[in-house]
Q: 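Pasting in a structure now, in structure tokens, and then I'll have a few things to ask.
All residue numbers refer to positions in the sequence shown, counting from 1. The figures that follow rest on heavy atoms only: side chains count, while hydrogens, waters and symmetry mates do not.
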Amino acid sequence: MGRPQRPIDRNGGPVAEFAGALRRLRDRSGALPYRTLARRANCAPSTLSDAAAGRRLPSWPVVAAFVRACGVTDESPWLARWQAAANRTPTPAPVGRIPDDPASFLGRDDELDGTVRLLDTARMVTITGPGGVGKTRLAQRIAACVQIDYRSGARWVELADLDDRALISRKILAALDQPPDPVRDPEEQLLAALSGRHLLLVLDNCEHLAAGVARLTREILTNTTGVTILATSRRALGLPEEHLSTVGPLTGPQAVGLLLERARAVLPGFDPSEAELECAARICERLDGLPLAIEFAARRLRTFSLAQLYEYLAVPSAPLADDSGVRHPRQASMAATLDWSHELCSQAARRLWCDLSVYLGGAPLEAVTSAGGAEAFGAVSELVDQSVLVNAGQRLRMLETVREYGLRRLTASGELDAARERHLDWCLSYIARADTEWYGPKQLDVLRRVRAEMPNFRVAMKYGMEAGGPASVRALRIARTLWWFWLASGTVDEGRRWLEKGIEACEDPAERFDAYWACAYVYVLIGDMKRVGELCDLAVDGGGKATIAWATLVRGLIALVAGPLEESVEVSERALRLFQAIGEDQGAQHALSQLGIAEALRGKEKEAIAWLSQGRAIAGEHGERWHRTYLLWGLGILGSKSSDPASALPMLREGLRIQEDFGDQRAVGANLEALAWVAAATGRSLEAVVLLGRSYAAWPEAESRLFGFSALLGIGERYEAELRAALEPEDFEAAYDRGGLLSPEELWDLVDDL
């Protein structure tokens, strides 16, 4: 059932507009009396009615109480809207939120209103049109206008940085703040995450993944009832449920308005004469009214007058060749505009444009120096001025149309493979530097930086593994060096695929030996113990000292997971000695954690404390935090089994605090389950069940069974049986379900109260 049709309020002051939005929200929630809302919000009815009257801007706590009382679960869009009304600086939008476009929005009122009306009745709307016509900007404005109509708000998913349809579900999960589940099909996890939500899902730049997006969209529409999808694509996705909102070139007055607005941005006080206005109209006509082309042209007005710019554009320029006959005519005009912009660049800027087109998802500034040489900084400034590059907070990005143009130039010149080789070299150098910093105090920053560059690493690995020869060696080295990323980010299944593919493609035995242990490590977490054993055998048979040490460590982990524990102690101690012999503290820390956990499970408290304390000391010397969580978990297990179970609380709380930053859901789930044991052992039965529910929500049962160790399963099963016996069945189920829905704040209130 669609929402009531309504005009979009573009007039009135920000306070009046904000108050109108609050009134519409109350109407959509059933027009409840203010006294009813006041009971839900725990504040006076007059406070809420004043907020919706528009006499003054209410405080944020009042707004938050108002929207919660109306059933809103995601307050972030309302916070951004309130900040805008208060003329305050918005907080940075997290992943999945609607991007804030600082440019003005001109000439699309009809498309805006029409698409909003479509969304009132249709669950699938695709904004179509040629590249550079402004589909993304229109989608941003639409989502910002209608997100308050959805109880779960709107989520933005940028697909331009993907070249693998298999990763679409993972990208959407990230936008939904859902950590990947390495042992669950991503599509299955996505459908479960969307179930029950009333949400606008925006999928931007779908054209290169059209078939995959169409198939996934059909699954979402079929398996959910409250999700509406707004997509942008250069062509329709072809679904029967799809409603199209076609965006064409700007009309004459709209295009001139855009050109003059952008001209004033580079020429403050610009006041054109009648003759110049006529020239501006001719320029926009020659550029076919395409917004991106007009913005490129406006940048050149710092150099040319309007008349000179028109004269230059009148000179024929060769369009990009397209023998297929299927390219949209307006794309030829965009190609001509890009050709012209390319010709105006210096040689250094042209080289940089083409080299950076190989990068996917943008590149940090340091990549510019690698790709552009000594003239790089001048070249990047030139490209930013021409809107070829966008400086987006320490990252340089290209519009997809511009990036594709650069790739075509590279292909036509026969230089594409050379650029890809340079990109592969840069990626290897980047991850190698990150690897040296990972085991140290910069660990969290390294994880974030590597996560941002994963689109580039994927492109580089794919190229290298397909190219073979020396390129395949470098590609496999990237996949192997990322071993800690696959573990810490919960993407072990993706890591397994890259490592297996790289091992198959690489012709260098030494590189393969070094990758075997990393591949084995991720296989342990997936649960394929047969493959783990095969890989460890290969690594030990031909690897060097470090490779043998890591392979031995993984063998110890196999025994820790599957038993016997005595074997785990013996093998992990052997790995520890190997790491100590080569001065490898990171590996030694991993071995110490395995030894401590194994001894704790064997009931050898003294030995367990000694191993785990030694591991914590090494972690402290290096400033390491991520893996320290597992050492703390081991101490927590030990404490939970002691005569004073509450002694485990400081270690488990510290581990959870660390993972607030890192987000390793495996570690979160393990610590929460151990906290549940502590709560059960100290007579807090209801809290224990809530924690169990929250643990399994963070860490699915299937993965818990694989990584939770056979020796721990008995402990968990015993506590669960005791809790079920202590509580009525309906109380147990209610507490368990409540745990899965806890907010971070509610979780910490519970944990701190234990």
Q: Do you know the tightest heavy-atom contact between Gly636 and Ala648?
A: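 It is O-CB, 3.2 Å.
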
Q: Salt bridge check: are Arg657 and Asp752 linked by an N-O gap of less than 4.0 Å?
A: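 Here Arg657 pairs with Asp752 in a salt bridge, since their nearest N and O are under 4.0 Å apart.
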
Q: Indicate the atoms forming the closest heavy-atom contact of Val62 with Pro58, along with that distance.
A: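 It is CG1-CB, 4.0 Å.
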
Q: Using modelled atom types and a 3.5 Å cut-off, is there a donor and acceptor pairing between side-chain atoms of Ser642 and backbone atoms of Gly639?
A: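 Side chain of Ser642 to backbone of Gly639, a donor-acceptor pair under 3.5 Å: yes, one is there.
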
Q: Ignoring hydrogens, what is the shortest heavy-atom contact between Trp517 and Val554? Give both atom names and the distance.
A: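 Answer, listing the atom of Trp517 first, then Val554: O-CG2, 4.0 Å.
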
Q: A cation-pi test, strictly: NZ or CZ of Arg26 under 6.0 Å from the centre of the six-membered ring of Tyr34 and no more than 45 degrees from its axis. Yes or no?
A: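 Relative to the ring axis of Tyr34, which defines the angle, Arg26 lies inside both limits.
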
Q: Donor-acceptor check, side chain of Arg666 to backbone of Leu487, threshold 3.5 angstrom: yes or no?
A: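 Present.
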
Q: Just grab all the ring-ring contact (aromatic ring centres under 6.0 Å, His included) pairs involving residues 590-616, residues at least two apart or on different chains.
A: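 Sorted pair list: Trp483-His590, Trp550-His590, His590-His627.
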
Q: Measuring from Leu444:CG to Arg449:CZ, what's the distance to the nearest 0.5 Å?
A: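 Answer for the CG-CZ pair, Leu444 versus Arg449, is 10.5 Å.
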
Q: With rounding to the nearest 0.5 angstrom, report the CD to OG distance, Glu599 to Ser568.
A: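 Here the rounded value is 9.0 Å.
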
Q: Are the side chain of Lys641 and the backbone of Glu605 linked by a donor-acceptor contact shorter than 3.5 Å?
A: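 Side chain of Lys641 to backbone of Glu605, a donor-acceptor pair under 3.5 Å: no, none is there.
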
Q: Return yes if some donor-acceptor pair links the side-chain N/O of Glu187 with the main-chain N/O of Leu216 below 3.5 Å, else return no.
A: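 No, the answer is negative, given that no donor and acceptor are paired below the 3.5 Å cut-off.
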
Q: Taking everything shown except Arg531 itself, do over 12 heavy atoms lie less than 6.0 Å from its CZ?
A: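 Buried by this count: over 12 neighbours within 6.0 Å.
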
Q: With a 4.5 Å cut-off on side-chain heavy atoms, are Met124 and Arg218 touching?
A: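 When only atoms from C-beta onward are counted, Met124 and Arg218 do not touch, as no gap falls below 4.5 Å.
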
Q: Please determine whether a side-chain nitrogen of the Lys or Arg among Glu607 and Arg602 lies less than 4.0 Å from a carboxylate oxygen of the Asp or Glu.
A: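 Between Arg602 and Glu607 there is no salt bridge, as every charged N stays at least 4.0 Å from the carboxylate O atoms.
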
Q: To check you understand the geometry: which heavy-atom pair defines the closest contact between Leu191 and Ile220, and what is its length?
A: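 Minimum heavy-atom contact is CD2-CA, 3.9 Å.
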
Q: Looking only at the side chains, is there a donor atom on one of Tyr523 and Glu500 sitting less than 3.5 Å from an acceptor on the other?
A: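 Short answer, yes.
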
Q: How far apart are the C-alpha atoms of Asp445 and Arg448, what are their side-chain angles, what is the distance that settles it, and do they pass the salt bridge (Lys or Arg N to Asp or Glu O under 4.0 Å) test?
A: CA-CA 5 Å; Asp445 180 60; Arg448 289 170 174 166; over 6 Å; no

Q: Would you call the rings of Trp633 and Tyr630 parallel, tilted or perpendicular, taking 30° and 60° as the class edges?
A: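 Plane angle over 60°, so perpendicular.
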
Q: Given Leu176 and Arg197, is the side chain to side chain contact (heavy atoms under 4.5 Å, CB included) satisfied, shown in steps?
A: CA-CA 11 Å; Leu176 295 172; Arg197 295 202 191 200; 3.7 Å; yes

Q: Can you confirm whether Trp438 sits close enough to Trp626 that some side-chain heavy atom of one is under 4.5 Å from a side-chain heavy atom of the other?
A: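 Yes. Closest side-chain heavy atoms under 4.5 Å.
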
Q: Find the distance between CG (Leu553) and CD (Gln589) and round it off to the nearest 0.5 Å.
A: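 The CD atom of Gln589 is 11.0 Å from CG of Leu553, to the nearest 0.5 Å.
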
Q: Using distance alone, with no hydrogens and no angle criterion, decide if Thr224 and Arg123 have a side-chain donor and acceptor under 3.5 Å apart.
A: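 Short answer, yes.
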
Q: Indicate yes or no: at least one non-hydrogen side-chain atom of Arg625 is less than 4.5 angstrom from one of Asp661.
A: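 They are in side-chain contact.
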
Q: For Arg497, look at atom CZ and say whether over 12 heavy atoms of other residues, nucleotides or ligands are found less than 6.0 Å away.
A: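 Yes, enclosed.
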
Q: Are any side-chain N or O atoms of Thr682 and backbone N or O atoms of Ala679, one a donor and one an acceptor, separated by less than 3.5 Å?
A: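 Yes.
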
Q: Aromatic rings Trp82 and Trp60: how do their planes relate, parallel, tilted or perpendicular, breaks at 30° and 60°?
A: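 Rings of Trp82 and Trp60: tilted, 30 to 60°.
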
Q: Look at the side chain of Arg155 and the backbone N and O of Ala175, then say whether any donor-acceptor pair between them is shorter than 3.5 Å.
A: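 Indeed, once roles are kept as given, a pair shorter than 3.5 Å links the two residues.
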
Q: When you measure from the side chain of Arg653 to the backbone of Val751, do you find a donor-acceptor pair of N or O atoms at a distance under 3.5 Å?
A: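 Yes: the side chain of Arg653 pairs with the backbone of Val751.
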
Q: Kindly compute the distance separating CG (Leu649) from OG (Ser640), expressed to the nearest 0.5 Å.
A: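 Output value for this atom pair is 10.0 Å.
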
Q: Can you name the one residue among Leu612, Ile658, Leu652, Ile637 that meets side-chain contact (heavy atoms from CB on, under 4.5 Å) with Leu632?
A: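 The passing option is Ile658.
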
Q: Is it possible for you to check whether Arg458 lies under 6.0 Å from the centre of the six-membered ring of Trp498, through NZ or CZ, and within 45° of that ring's axis?
A: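 Relative to the ring axis of Trp498, which defines the angle, Arg458 lies outside at least one limit.
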
Q: Tell me the closest heavy-atom pair linking Gly669 and Ser695, and the distance in Å.
A: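 The answer is O-OG, 2.8 Å.
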
Q: From Trp486 CH2 over to Leu525 CG, what is the distance, rounded to the nearest 0.5 angstrom?
A: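 Reported value, rounded in 0.5 Å steps: 13.5 Å.
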
Q: Let me see the working for Asp753 and Arg684 under side chain to side chain contact (heavy atoms under 4.5 Å, CB included), right down to the final yes or no.
A: CA-CA 11 Å; Asp753 189 49; Arg684 308 286 292 273; 3.0 Å; yes

Q: Drop me the distance from Trp748's CH2 to Glu660's CD, to the nearest 0.5 angstrom.
A: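 One gets 5.5 Å once the value is rounded to the nearest 0.5 Å.
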
Q: Would you check if the side chain of Glu624 reaches a backbone N or O of Gly440 as a donor-acceptor pair within less than 3.5 Å?
A: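 Side chain of Glu624 to backbone of Gly440, a donor-acceptor pair under 3.5 Å: no, none is there.
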
Q: So that I can tick it off, tell me whether Asp493 and Arg496 are bridged by a salt bridge, with the cut-off set at under 4.0 angstrom between side-chain N and carboxylate O.
A: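 Judged by the 4.0 Å cut-off on N to carboxylate O distance, Arg496 and Asp493 do form a salt bridge.
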
Q: Could you give me the CA-CA distance, side-chain angles and deciding distance for Lys171 and Glu158, then say whether salt bridge (Lys or Arg N to Asp or Glu O under 4.0 Å) is met?
A: CA-CA 8 Å; Lys171 193 68 180 285; Glu158 172 58 65; over 6 Å; no

Q: Of the non-hydrogen atoms in Ala154 and Gln147, which two are nearest, and what is the gap between them?
A: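 For Ala154 versus Gln147, the nearest heavy atoms are CB-CB, 3.7 Å.
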
Q: Just so I know, are the side chains of Glu746 and Leu741 near enough to count as touching, which here means a heavy-atom distance under 4.5 Å?
A: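 A side-chain contact is absent here, since even the closest heavy-atom pair is not under 4.5 Å.
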
Q: Does any part of the side chain of Val571, heavy atoms only, come nearer than 4.5 Å to the side chain of Leu557, both counted from C-beta?
A: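 No; the side chains remain at least 4.5 Å from each other.
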
Q: For Gln586 and Trp484, what are the C-alpha separation, side-chain angles and deciding distance, and is it a side-chain hydrogen bond (donor to acceptor under 3.5 Å, both in side chains)?
A: CA-CA 11 Å; Gln586 182 173 202; Trp484 44 263; 5.9 Å; no

Q: Taking the side chain as C-beta and beyond, is there a heavy-atom pair between Glu673 and Leu691 under 4.5 Å?
A: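 No - every pair of side-chain heavy atoms lies 4.5 Å or more apart.
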
Q: Kindly determine whether Gln659 and Asn671 satisfy side chain to side chain contact (heavy atoms under 4.5 Å, CB included), including the steps that lead there.
A: CA-CA 10 Å; Gln659 293 307 325; Asn671 276 267; 5.7 Å; no

